[in-house]
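Below is one structure, written out as structure tokens; comments come after it.
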Protein chains: 2
Amino acid sequence: MPADRAPTRIQKKNRAAILEAALDVFSSHGFRGSTVDRIAKAAGLSKPNLLYYFSSKEAIFNELMAGLLDTWLDPLRALDPEGDPLEEILAYVQRKLQMSRDYPRESRLYANEIVQGAPRLHDVIATDLTVLVEEKAQLLQDWMDTGRINRAHPKHLLFSIWSLTQHYADFDAQVRTLMGAEDPFDAAPDYLETLYRRMLTPES
Amino acid sequence: MPADRAPTRIQKKNRAAILEAALDVFSSHGFRGSTVDRIAKAAGLSKPNLLYYFSSKEAIFNELMAGLLDTWLDPLRALDPEGDPLEEILAYVQRKLQMSRDYPRESRLYANEIVQGAPRLHDVIATDLTVLVEEKAQLLQDWMDTGRINRAHPKHLLFSIWSLTQHYADFDAQVRTLMGAEDPFDAAPDYLETLYRRMLTPES
DNA sequence: CAATGATTTGACCAACTGGTCAAACTCACG
DNA sequence: CGTGAGTTTGACCAGTTGGTCAAATCATTG
């Protein structure tokens, strides 16, 4: 493995190629279903060469996950207590939907992990994510208490946003087959906006 | 393997035990992440003994899938054109949610497959499921056209129901961690009923 | 209680997989 | 162009895994 210096041109290129290839392979076969050899070939390297850049299969996976989680939670972090409640939530929904469209592999990688019981993610979920969710759930609760949006269980509201938006990435194979020629992402933004607008616009 | 006769008492018991064990193992590790040996042990058999009842790992998986799909689609089939539109849909949502609670492993098994591109399910989706979805989407469209429920893209409406209900099974690990002591299924039925009632109750 | 078919298993095999290593090759720089 | 660090690879290894097989054991029934 390279020493502790600044990465060379080749290191930068190859590490990037490996992570890109690994995202492809891991997201479509899961951790155990992916082989180092396959990732290496997808990155245009030999297996020993790949292992020269990453000490193990798990090391690649971890680096991928670490990078993923941060970007994954950014849209929620950006939910602004100062903004207009309904518009903030609708914008959050659209940001999440956009991520499903632009980064479906990342979404599936995450889904793969959680579906299998989150063995490698449990700690992050139990700490970082929990804190963030508690904070934002409280914000939603405040908005409801002051009558600025309709009442609904705040955490379930968050779950529903994740579920609905990520569905388009995670179940892409099913969604596209059932939609035929129509691109799911054509109608999805409008559908979700309508759903949450009807759901959350204060009554009376 | 047993001959083409009526199954003996032992055959019935062991085949059932194998399928039960396989559901456990496949749903929590995916196809490639599961080993025949592990399934065998979970079923209380030796590996060669298991392979006496099923010719291969894939054969177990296929039998499991075949059985699954039928029950999986039953709640949608039961959507009754003669019933009250809103109540029919709400009842469908609750049936699906109930299945997520009662059969989470089946849900995860299905999710695992779809997330990984549905390699072993594409044909069924492209035929049986497509037909059923077209039929029910048309029914929803009719209800909308006659003003009995609010307008929304029918297929996206179906996707949202699947997504929201199965989320509680598929992302169970995440949901439970974030909910802490509270059982997710306590508030979920009410949350989803409210959501779809607000969404679909005809305006004006 | 035979004896025949059903069931079970230990031993085994070939393919695959994650990872190692020494030797070879390439590149940047003086 | 030489040289040392950075890069690449073929050969290899040990552990795992899906699957086979002959021999042993068990259950059923005439």
Side-chain angles (χ1 to χ4, degrees), chain A residues 1-65 112-113 116 119-120, chain B residues 1-65 112-113 116 119-120:
Chain A
M1 25 192 150
D4 250 347
R5 318 239 169 103
T8 67
R9 176 182 56 89
I10 296 179
Q11 278 169 38
K12 244 188 258 181
K13 193 193 66 176
N14 281 347
R15 286 183 60 99
I18 290 169
L19 289 173
E20 165 68 22
L23 176 58
D24 237 54
V25 176
F26 279 138
S27 71
S28 50
H29 301 283
F31 182 78
R32 283 217 46 183
S34 304
T35 69
V36 174
D37 202 59
R38 193 157 175 171
I39 297 171
K41 278 208 170 60
L45 301 175
S46 67
K47 186 172 62 161
N49 198 7
L50 180 149
L51 289 165
Y52 169 72
Y53 290 101
F54 287 89
S55 61
S56 70
K57 179 180 168 182
E58 195 143 358
I60 309 174
F61 186 86
N62 289 339
E63 183 140 339
L64 217 47
M65 272 296 171
N112 249 313
E113 273 304 291
Q116 303 194 2
R120 279 168 271 267
Chain B
M1 23 191 151
D4 250 347
R5 318 237 168 105
T8 67
R9 174 182 56 87
I10 296 179
Q11 276 168 40
K12 244 187 260 181
K13 193 193 64 174
N14 281 346
R15 286 183 59 98
I18 291 169
L19 288 173
E20 164 68 21
L23 177 57
D24 237 54
V25 176
F26 280 139
S27 70
S28 51
H29 302 282
F31 182 79
R32 284 218 45 186
S34 306
T35 70
V36 174
D37 201 61
R38 191 156 178 172
I39 297 171
K41 279 208 170 60
L45 301 175
S46 66
K47 186 172 61 161
N49 198 6
L50 180 149
L51 288 165
Y52 169 72
Y53 290 101
F54 287 88
S55 61
S56 70
K57 178 181 168 182
E58 194 143 359
I60 309 174
F61 186 87
N62 289 339
E63 185 141 336
L64 216 47
M65 271 297 169
N112 248 313
E113 271 305 289
Q116 303 193 0
R120 281 168 269 267

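Worth knowing before you read on, the calculation uses all heavy atoms, side chains too, and leaves out hydrogens, waters and symmetry mates. In what follows, every chain begins at residue 1, and chains take the letters A, B, ... in the order their sequences are listed.
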- Message: Filter on salt bridge (charged side-chain N to carboxylate O under 4.0 Å, His left out), then keep only pairs touching residues 39-50 of chain B, sequence neighbours left out; what's left?
- Response: B:D37-B:K41
- Separation of D:dG19 atom P from B:R38 atom CZ, nearest Å, is 18 Å
- For C:dA28, does either OP1 or OP2 sit under 4.0 Å from a side-chain N or O belonging to A:T8? no
- Query: Does anything in residues 10-19 of chain A pair up under salt bridge (charged side-chain N to carboxylate O under 4.0 Å, His left out), and if so which pairs, sequence neighbours excluded?
  - Reply: A:R15-A:E63
- Item | Interatomic spacing from CE in B:M65 to CG in B:L23 - rounded to 0.5 Å | 9.5 Å
- Residues in residues 16-30 of chain B with a heavy atom under 4.0 Å of DNA chain C, by number, are none
- Applying side chain to side chain contact (heavy atoms under 4.5 Å, CB included), run through A:F31 and A:Q116 and close with a yes or a no. CA-CA 10 Å; A:F31 182 78; A:Q116 303 194 2; over 6 Å; no
Might you list the N or O atoms of the protein lying below 3.5 Å from N or O atoms in nucleotides 17-27 of chain C, with each pair's distance?
{"residue": "C:dT17", "atom": "OP1", "partner": "B:R32", "partner atom": "NH2", "Å": "3.3"}
{"residue": "C:dG18", "atom": "OP1", "partner": "A:S34", "partner atom": "O", "Å": "3.2"}
{"residue": "C:dG18", "atom": "OP1", "partner": "A:K57", "partner atom": "NZ", "Å": "2.9"}
{"residue": "C:dG18", "atom": "OP2", "partner": "A:V36", "partner atom": "N", "Å": "2.9"}
{"residue": "C:dG18", "atom": "N7", "partner": "A:K47", "partner atom": "NZ", "Å": "2.8"}
{"residue": "C:dG19", "atom": "OP2", "partner": "A:K57", "partner atom": "N", "Å": "2.8"}
{"residue": "C:dG19", "atom": "N7", "partner": "A:K47", "partner atom": "NZ", "Å": "3.3"}
{"residue": "C:dG19", "atom": "O6", "partner": "A:K47", "partner atom": "NZ", "Å": "3.1"}

- Would you mind reading off the distance between B:K41 atom NZ and C:dT8 atom C1', rounded to a whole angstrom? 15 Å
- Taking atom C1' of D:dG10 as reference, at what distance in whole Å does atom CG of A:L50 sit? 16 Å
- Figure out the CZ/P separation between B:R15 and C:dT8, and round it to whole Å. 13 Å
- Phosphate-side-chain proximity, B:Q11 and C:dT7, N/O vs OP1/OP2 below 4.0 Å: yes
- Message: Under 4.0 Å from OP1 or OP2 of C:dT7: is there any side-chain N or O of B:N49 that close?
- Response: no
- Message: Can you tell me which residue among B:N14, B:I39, B:L51 is in a side chain to side chain contact (heavy atoms under 4.5 Å, CB included) with B:L45?
- Response: B:N14
- Message: Taking side chain to side chain donor-acceptor pair (under 3.5 Å) as the definition, give me every residue that meets it alongside A:N62, ordered by chain and number, with sequence neighbours left out.
- Response: none
- Message: Once you measure the plane-to-plane angle for A:F26 and A:F61, does it fall in the parallel (<30°), tilted (30-60°) or perpendicular (>60°) bin?
- Response: perpendicular
- Atom CZ of A:F54 and atom C1' of D:dT7: how far apart are they, to the nearest Å? 15 Å
- Under 4.0 angstrom between B:S46 side-chain N/O and C:dT9 OP1 or OP2: yes
- Message: In whole Å, I'd like the distance from the CG atom of B:N14 to the C1' atom of C:dA6.
- Response: 11 Å
- Task: For B:A17 and B:A43, work out which heavy atoms get closest and say how close.
- Result: O-CB, 3.7 Å
- Would you say A:Y52 reaches D:dT8's phosphate, i.e. side-chain N/O to OP1/OP2 under 4.0 Å? no
- Message: Nearest whole Å is fine: how far is C:dA28 P from A:K13 NZ?
- Response: 11 Å
- Message: According to side chain to side chain donor-acceptor pair (under 3.5 Å), who are the partners of B:E20, at least two apart in sequence or on a separate chain?
- Response: B:R105
